[in-house]
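Only one structure is covered here, and it is reproduced in the block below.
Because the structure is predicted, anything quoted here is derived from the model rather than measured. Proteins come first, then strands; the chains are lettered A, B, ... in the order of their sequence lines, and each starts at number 1.
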Number of protein chains: 2
Amino acid sequence: MTATIRDVARRAGVSIATVSRAMRDPSIVSAQTLHRVQEAASDLDYTPSQLGRQLAERRHAANGIVFPDLSGPYYAEVVLGYEAVASELGRAVLILATHGRPAAAEMVTRLAGRCDGLVVLGPTVSDTVLLGLAARGVPLVTAARPPVAGVDSVSAENAGTARALATHLADQGARTVLFLGDPALSSDVQERLAGLEAGADAAGIGVRVLPVSSMDEEGGARAAEGLASGDLPDAIACANDELALGLMTALRTRGVVVPRDLLVTGWDDIMAARYAELTTVRQPLHDLGATAARFLDDFIAGRRSEPRHEVLPTELIVRSSSSPAKGDNQ
Amino acid sequence: MTATIRDVARRAGVSIATVSRAMRDPSIVSAQTLHRVQEAASDLDYTPSQLGRQLAERRHAANGIVFPDLSGPYYAEVVLGYEAVASELGRAVLILATHGRPAAAEMVTRLAGRCDGLVVLGPTVSDTVLLGLAARGVPLVTAARPPVAGVDSVSAENAGTARALATHLADQGARTVLFLGDPALSSDVQERLAGLEAGADAAGIGVRVLPVSSMDEEGGARAAEGLASGDLPDAIACANDELALGLMTALRTRGVVVPRDLLVTGWDDIMAARYAELTTVRQPLHDLGATAARFLDDFIAGRRSEPRHEVLPTELIVRSSSSPAKGDNQ
DNA sequence: ATGAAAGCGCTAACAC
DNA sequence: GTGTTAGCGCTTTCAT
């Protein structure tokens, strides 16, 4: 069907070794033969089989990335940052979305067999699975999830900025803050809550927690229904933007006016947050992926000593959903 | 380093052929040997090398998908739909973002060497490259780009809904419509413009075209600067949502009130469009990717006869940016 | 039911 | 500078 190295060798009247050499380093064969090989190769429309090459070199020249989902801008942006660096390093990128499927562990293990290393994002598979892979010698980097012993990790700062957020809310006059989100769902949420509580403590205000079923607009909307109209907190700090947006929309339907009656904040700074005038926290998503890709490459190339754990800075973005003074008051 | 089929065979006291059989179809070896092989395999923590397997079977069990970018929800959602189906079919997914790089053609060719088939989205590589791949026997499906001779394609309906959009704008009282976007940039944009013109013609209103430098918020903002305050059209139909959002924001800064002074529409129905109350057109992005994945699989499995060209329906979503009657009038 | 052996398409010693 | 020859780890006839 498709031409192999042997076909080219025959046609050029040389050995397969010479073809191999000519293809991978033109400077180590004579100009004469180089020409003949190139001619033969282009005549036959020859492309070296990556499979043959990979098996012989015993490497895949490919890296994998595992994430829960790609809906919502969050992981998409991280994956993009990852792809940019990985492809620059000459490695193909394999993706795997787990979608919370129970078979995730097996899928990740299969994926690991197809690449030289793996980046694992967020709540996808258990630490046990990762430790198993690491034990088998699979180069690993985690991102946006709690560090695993001995495995490089990259994440975005949570507690500090959450603390600043609490301070900001207190400055705006809030005395009671409700945190919307389930700390059990992810370590990111946990850290955000912890930071918020620390900041609230310092400002002498209280924090209550309201868990949600899902971290999307629907989860926010459902939470809104559950709130007693007579007893609203001064502010609601949501675990992410989608919750906040769903919440605000549902509250508006009930006649609650943000920020006059109630302050609302999110987390992530997705595009829609700008148009909804939502106060939130911006994360360097692209960088998260890019840094993970570099860590992984360092590991694969054997350029690292101790496991690294990098925490990228985040930034509080104040908009009118939490800042009546400067905001609109529609 | 890691155990091979030979290690397992030795340990189980059988031949490598038997190990291979036991691994891929337990029912064709005796219960006795099956047990011994499984024991040995788990003792050695053996996982069959996908590379060895792939080379022997001469297939990759992987498909590729090529797209311009993943920022913005558009391609991310398509890729996700693709991944869902592909991974269900037991195939790994390789991604490649071209970012308008000149080396795109070569990158795609390399990618083609690593998988059993390819889906190519949008403005990434020229038709020439695709024809070359098709000639080499690479199974191909295009999506969100004009069909190439002999290659399956999937896309979203443009002209019909664009026509409906023109009718809607005319119904709202618009007499002059400006189309914001560069038809030269993609066939999608071209078709949207053509449909809009057809609809405008039928309604007896005029359409002008204003090309943009880029199809994002910045492009929209720049376009806003270029508009003469005194001579605004009645409506601006943008080639996508990001343009429309950037345009509206910039116009608001100049004191132009949407929709009172001017109607604005987008295309795509991204999340931010809802919060900006933007009239737009919704596309079945997830389906686009899923359908492409199925077409590709059919092709690879040899289940197709003639090339197929599927066009998925789209839907006009009217919000207050183009509908003063029912909308807000902030 | 199992084993021996010939590939799959390439790279990399090792000769010459 | 080039050819010969082993592999890389698996699947798959073909015997037995």
Residue set satisfying salt bridge (Lys or Arg N to Asp or Glu O under 4.0 Å) with A:D287, at least two apart, ordered chain then number -> none
Could you work out, with salt bridge (Lys or Arg N to Asp or Glu O under 4.0 Å) as the rule, every residue matching B:R10, not counting sequence neighbours? B:D7
Looking at A:V93, is its backbone amide N or carbonyl O close enough to the side chain of A:Y82 to form a donor-acceptor pair, meaning the two atoms are under 3.5 Å apart? no
Between B:A56 and B:G13, which has a closest nucleotide on DNA chain C that is more 5'? B:G13
Kindly write out the residues that satisfy side-chain contact (heavy atoms from CB on, under 4.5 Å) with A:E106, not counting sequence neighbours, or none if the list is empty. A:R110
Mind checking which nucleotides bracket the chain B contacts on DNA chain C, 5' to 3', with an atom under 4.0 Å from a heavy atom? C:dA1 to C:dG9
Looking at B:R145 and B:V125, would you say the former's side chain and the latter's main chain have a donor-acceptor pair under 3.5 Å? yes
Can you measure B:L55 atom CG to D:dG9 atom P for me and round it to whole angstrom units? 12 Å
State whether the side chain of A:E83 and the backbone N or O of B:A97 hold a donor-acceptor pair below 3.5 Å, judged by distance alone. yes
Atom-pair distance (CZ on A:R36; C1' on D:dT2), nearest Å: 11 Å
Contacts of type side-chain hydrogen bond (donor to acceptor under 3.5 Å, both in side chains), residue A:Q38, not counting sequence neighbours: none
So, with a heavy-atom separation below 4.0 Å from DNA chain C, the residues of residues 19-34 of chain B are B:R21, B:V29, B:S30, B:T33
Mind checking side-chain hydrogen bond (donor to acceptor under 3.5 Å, both in side chains) for A:Q54 and listing every partner two or more places apart, or none if nothing turns up? none
Could you note down all residue pairs passing side-chain hydrogen bond (donor to acceptor under 3.5 Å, both in side chains) where residues 14-34 of chain B supplies at least one of them, sequence neighbours left out? B:S15-B:T18, B:R24-B:E57, B:D25-B:S27, B:S30-B:T33
Which residues, if any, of residues 44-53 of chain B bring a heavy atom under 4.0 Å of DNA chain C? none
Could you work out, with side-chain hydrogen bond (donor to acceptor under 3.5 Å, both in side chains) as the rule, every residue matching B:D298, not counting sequence neighbours? B:R303, B:R308
Look at the side chain of A:S42 and the backbone N and O of A:D45, then say whether any donor-acceptor pair between them is shorter than 3.5 Å. no
Atom CZ of A:R59 to atom P of D:dG9: distance rounded to whole Å? 16 Å
In terms of the nearest nucleotide of DNA chain C, which residue is placed more toward the 5' end: B:E57 or B:V14? B:V14
Round to a whole Å and report the spacing from CD1 of A:I5 to C1' of D:dT5. 14 Å
With A:R58, which residues qualify under salt bridge (Lys or Arg N to Asp or Glu O under 4.0 Å), at least two apart? none
Donor on one side chain, acceptor on other, B:D188 and B:S186, under 3.5 Å: no
Round to a whole Å and report the spacing from CD of A:Q54 to C1' of D:dG9. 13 Å
Let me test you: for the helix from C:dA1-D:dT16 to C:dC16-D:dG1, what is the angle between the axes at its two ends (five pairs each), rounded to 10 degrees? 40°
